[in-house]
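Whatever order the structure lists ligands and atoms in, that order sets their numbers, starting from 1. Side-chain atoms are counted along with the backbone in the values below, which use heavy atoms only and exclude waters and symmetry mates.
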Amino acid sequence: MRIGTAELAAILAHGRRGYPFEVCGVLLGQPVREGADAVVERVVEVVNRETESPRVRYQIAPEDLIRIQREARDQDREIIGFYHSHPDHPARPSETDRRIAAEGLSDGVLHMVIGVDQGERATPSAWVFRDSTQGFDEEPLRTL
Ligand SMILES: [Zn+2]
């Protein structure tokens, strides 16, 4: 996948700002097309609605998602994925992330996981969910 430098910087800054809690958001842009990578053109921050364990969990409210879906359509963009942060945990999907994705995501949906070390160093990673394995494959992350 490809992402604009400013959009990537915004996600990393969001992760640092939200520390020590998980932050989350939605990736808008163009999905994979024949011979072309998915492109993240905009990122939308979403309030983490998880109330019990927001340091290790995140939740996107359905009404937030519906609103963003509408915004995306108005901009001729699609929701192509999601992101969330891992405060003091590695920049890769956890088993919980995999399980939740298996219930909710469909094949090819992107997911970025941002490791945030001590609230300072933020490390991006990108993944794509695959129905065939019910898991995430790491996805090369290129900036525009
Ligand atoms: Zn996670």
Of all the N, O or S atoms in Asp97, the one nearest to the Zn ion (ligand 1) is OD2

Looking at His86, the N, O or S atom sitting nearest the Zn ion (ligand 1) is NE2

- Message: Just checking: His89, one of its N/O/S atoms, less than 2.8 Å away from the Zn ion (ligand 1), yes or no?
- Response: no

Quick check: do Leu27 and Ile79 have side-chain heavy atoms less than 4.5 Å from each other?
no

> Hey, are His84 and Asn48 close enough side-chain-wise for a donor-acceptor pair under 3.5 Å?
Replying inline: no

In short, Ile60 meets Cys24 closest at the heavy-atom pair CG1-SG, 3.9 Å

Value for CZ (Arg57) from CZ (Phe21), rounded to nearest 0.5 Å, stands at 15.0 Å

